[in-house]
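Before anything else, here's the structure in question.
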Amino acid sequence: MDVLKAWQEILTKENVFTDEANIAAVQTATFATKQRVLAIIRPGDRAEVQECVKIANQYHTPIYPISRGKNWGLGSRVPVQDNCVVMDLSRLNRIIEYNEKLAYITVEPGVTFQQVFEYLRDIQSNLFISVIGGSPHASLIGNALERGDGIGPNGDRASYVCGFEVVLPTGELIHTGFGRFAHAKTTPVSRWGVGPSLDGIFAQSNWGIVTQMTVWLTPLPKYYQSFNCVVKDDDSLEKVLDIIQQLMLQGTIQENCFNLWNCYKVLAREGRYPWQLLGGKTPFSLKELKGVEPWIGSGDLYCASREQAFALQQIIEEAFAGKVAPVTFRGHDASNELLNLSIGVPSNLNVKSTYWRKKIKIPNNIDPDRDACGVHWLCPLFPFDGQQIVAALKTIESTIKSFGFEPNIAISCSTSRSVKMFIAIMYDREQPEEDDRAMSCHNQILQFLLQSGYIPYRLGIQSMNSLPSPADDYNQLISQLKQQLDPNNILAPGRYDFRNNFEKY
């Protein structure tokens with residue numbers, strides 16, 4: 001193919017892959033996919049990204065950028081549509097700038113959470129990056145552009161990033177915010193700049209390739225304290241949610257610093273499916289075994305002093321008193337891997353849950369794609385209202401159980417007005433017909449959420465064409481902007497691309 005030869009001239013043959021093993025790997029996700037990949041290209045810097053994009057336009061060959069490809073449960077590295085060339089940006093792995101006083105770090109898309117953690121540790125920084133529950137080797141930029149979630153303050157990643165460097169689908173280059181001015185000193189500390197803000201159009205879109213971004217960091221707390229409660233029934237769950245909402249609204253608990261995990265999510269993280277206990281039967285029902293399906297609530301207090309922590313503890317205890325199970329508090333324990341996640345120490349602890357239904361030993365080099373772990377994620381957004389959330393949960397839980405899976409669910413109290421729900425369907429892809437059953441389960445839950453008005457805030461490649469048509473001219477505007485920015489439709493076709501909805505509308 002002439003296009004491959006053109007890329008090889010820019011990147012050398014060592015960075016253009018067409019071999020069967022590499023192609024098979026990027027075509028594999030944690031659920032069934034059929035998309036074929038033509039090749040993989042690996043540019044090494046922004047200039048090479050620009051040249052690769054220009055070649056893609058010249059030959060009308062679509063490219064699908066990935067940062068680190070750890071988007072497990074939502075599509076991994078697989079393009080949304082057939083016959084794309086995957087652009088792997090992992091070689092762009094430089095930390096460009098760091099500022100301790102202003103608490104920011106500027107990185108390229110190949111930079112991982114582990115890399116930033118080690119960098120901050122080695123220079124003995126007083127700052128930390130809000131890490132994810134996913135792989136330590138995932139990309140900061142990839143997470144931010146998906147509007148992904150971190151743990152603790154600044155975990156609502158898209159709200160704490162700025163200063164994008166973007167290669168447009170034509171190969172042109174722009175800088176967002178104040179970055180377009182050569183001598184601007186406020187590029188890494190201001191989200192908006194002056195005039196129309198462009199940052200948002202490059203998140204969850206196929207309108208540009210972000211090759212640089214500034215991410216804001218958080219000071220390590222002088223005193224850290226966590227707290228937990230056990231919630232045994234739906235009535236108590238509703239009360240806990242409403243108590244936490246008020247505590248967050250008044251500022252006692254910081255936003256994104258409280259979550260609830262149901263018992264199946266906790267069990268999947270802590271252990272393996274109890275095959276021997278159940279004699280090979282699925283699904284596992286803790287309600288049948290113990291009579292309850294509890295939720296575990298956990299929060300983090302990032303304090304300037306022990307006195308502040310104890311004052312907040314008293315307010316929280318008073319809010320919970322006599323309403324639900326008692327709340328327990330504890331200080332930081334450096335040996336506790338789970339607590340360390342809350343202060344920026346990345347870990348594979350949560351990723352191990354993807355092996356929940358597998359009967360193999362969990363390897364040290366975790367790779368759910370390679371090991372045929374079945375994972376679907378659904379990520380709906382809810383108003384922070386206990387009654388609405390609990391009512392929806394009943395349908396979600398019963399639907400998952402009806403398909404023979406465990407309802408693996410978490411609720412993240414991301415703001416004082418909305419919560420994010422993470423619904424996982426975990427299975428073994430090597431079991432006959434499990435892929436089809438899991439996809440049917442995913443689709444039925446998604447339809448329930450859409451019909452109920454709880455639109456997902458993040459989509460997997462299996463859901464890009466699932467949203468209802470808008471009741472206004474939104475998709476017409478989206479279509480016009482995409483046509484203007486990407487006239488040859490070469491960048492990630494189908495990814496957060498709602499023009500099909502516009503055609504139906």
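Here the structure is a predicted model, which means the values were calculated and not measured.
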| CG/L127 to OG1/T218 distance, rounded to the nearest 0.5 angstrom? | 8.0 Å

| message | Using side-chain heavy atoms (C-beta onward) and a distance below 4.5 Å, is C52 in contact with I63? | response | no

| request: Could you verify whether a donor N or O on one side chain and an acceptor N or O on the other, from D149 and Y457, lie under 3.5 Å apart? | output: yes

| query | Shortest non-hydrogen contact from R157 to V215? | reply | CD-CG1, 4.4 Å

| said: Could you check whether any side-chain N or O of D371 sits under 3.5 Å from a backbone N or O of C373, counting only pairs where one atom can act as donor and the other as acceptor? | reply: no

| query | When you measure from the side chain of R180 to the backbone N and O of G177, does any donor-acceptor pair fall under 3.5 Å? | reply | yes

| Heavy-atom side-chain contact between L450 and I455 under 4.5 Å | yes

| message | Between the side chains of K358 and E430, is the shortest nitrogen-to-carboxylate-oxygen separation below 4.0 Å, so that they form an ion pair? | response | yes

| query | Does L491 offer a backbone N or O that forms a donor-acceptor pair with the side chain of D486 under 3.5 Å? | reply | yes

| query | Are Q212 and T106 linked by a side-chain donor-acceptor pair shorter than 3.5 Å? | reply | no

| said: Less than 3.5 Å apart, any donor N or O on the side chain of Q114 or E118 sitting next to an acceptor on the other? | reply: yes

| Minimum side-chain heavy-atom gap Q115-L140 below 4.5 Å | no

| said: Just so I know, are the side chains of L267 and W356 near enough to count as touching, which here means a heavy-atom distance under 4.5 Å? | reply: yes

| field | No-hydrogen, no-angle side-chain donor-acceptor test under 3.5 Å, N256 and D156 | value | no

| query | So, for E48 and G44, which heavy atoms are closest and what is the spacing to 0.1 Å? | reply | OE1-N, 2.6 Å

| task | Please step through side-chain hydrogen bond (donor to acceptor under 3.5 Å, both in side chains) for the pair S130 and N154, ending with a clear verdict. | result | CA-CA 6 Å; S130 171; N154 293 10; over 6 Å; no

| message | Is it the case that the side chain of N93 and the backbone of V111 share a donor-acceptor pair, with hydrogens and angles ignored and the cut-off at 3.5 Å? | response | no

| query | Between atom CG of L173 and atom OG1 of T211, what is the distance when rounded to the nearest 0.5 Å? | reply | 6.0 Å

| said: When you measure from the side chain of Y160 to the backbone of P153, do you find a donor-acceptor pair of N or O atoms at a distance under 3.5 Å? | reply: no

| field | Donor + acceptor pair across side chains of T33, Q27 (<3.5 Å) | value | no

| query | Under 4.5 Å between any side-chain heavy atoms of M213 and D199, yes or no? | reply | no

| Parallel, tilted or perpendicular: ring planes of F178 versus F181, cut at 30 and 60 degrees | tilted

| remark: side-chain contact (heavy atoms from CB on, under 4.5 Å) with S125: of D122, I129, I123, only one passes, and it is I123

| request: Check V53 against L168 and note the closest heavy-atom contact, atom names and distance. | output: CG1-O, 3.6 Å

| query | Is there a donor-acceptor contact under 3.5 Å linking the side chains of E255 and T415? | reply | no

| Centroid-to-centroid, F164 to F202, below 6.0 Å? | no

| message | For P188, is there any backbone N or O sitting under 3.5 Å from a side-chain donor or acceptor partner on W216? | response | yes

| Can you tell me how far the CZ atom of R495 sits from the OG atom of S205, to the nearest 0.5 Å? | 9.5 Å

| query | Does any N or O in the side chain of N22 come within less than 3.5 Å of the main-chain N or O of T18, such that one atom is a donor and the other an acceptor? | reply | no

| query | Is there a side-chain contact between R191 and S197 (heavy atoms, below 4.5 Å)? | reply | no

| query | Heavy-atom count around R121 CZ within 6.0 Å, excluding the residue itself: above 12? | reply | yes

| message | Quick check against the 3.5 Å criterion: does K70 have a side-chain atom that pairs as donor or acceptor with the backbone of G142? | response | no

| Are Y104 and E97 linked by a side-chain donor-acceptor pair shorter than 3.5 Å? | yes

| query | Hey, does P487 have a side-chain heavy atom less than 4.5 Å from the side chain of T170? | reply | yes

| field | Ring geometry between F31 and H376 (parallel below 30°, tilted from 30 to 60°, perpendicular above 60°) | value | parallel

| Pairing of R46 and E108 as salt bridge, 4.0 angstrom limit | no

| request: State whether the side chain of N348 and the backbone N or O of I366 hold a donor-acceptor pair below 3.5 Å, judged by distance alone. | output: no

| request: Taking atom types as modelled, find out whether D369 and T28 have a side-chain donor-acceptor pair closer than 3.5 angstrom. | output: no

| request: Determine yes or no for a side-chain-to-main-chain donor-acceptor pair under 3.5 angstrom, with R42 supplying the side chain and V16 the backbone. | output: no

| request: Output the distance between atom OG (S226) and atom CZ (F258), rounded to the nearest 0.5 Å. | output: 11.5 Å

| field | D435 versus Y427, side-chain donor and acceptor atoms under 3.5 Å | value | yes

| request: Rounded to the nearest 0.5 Å, what's the gap from CD1 on I411 to CH2 on W261? Could you check? | output: 13.0 Å

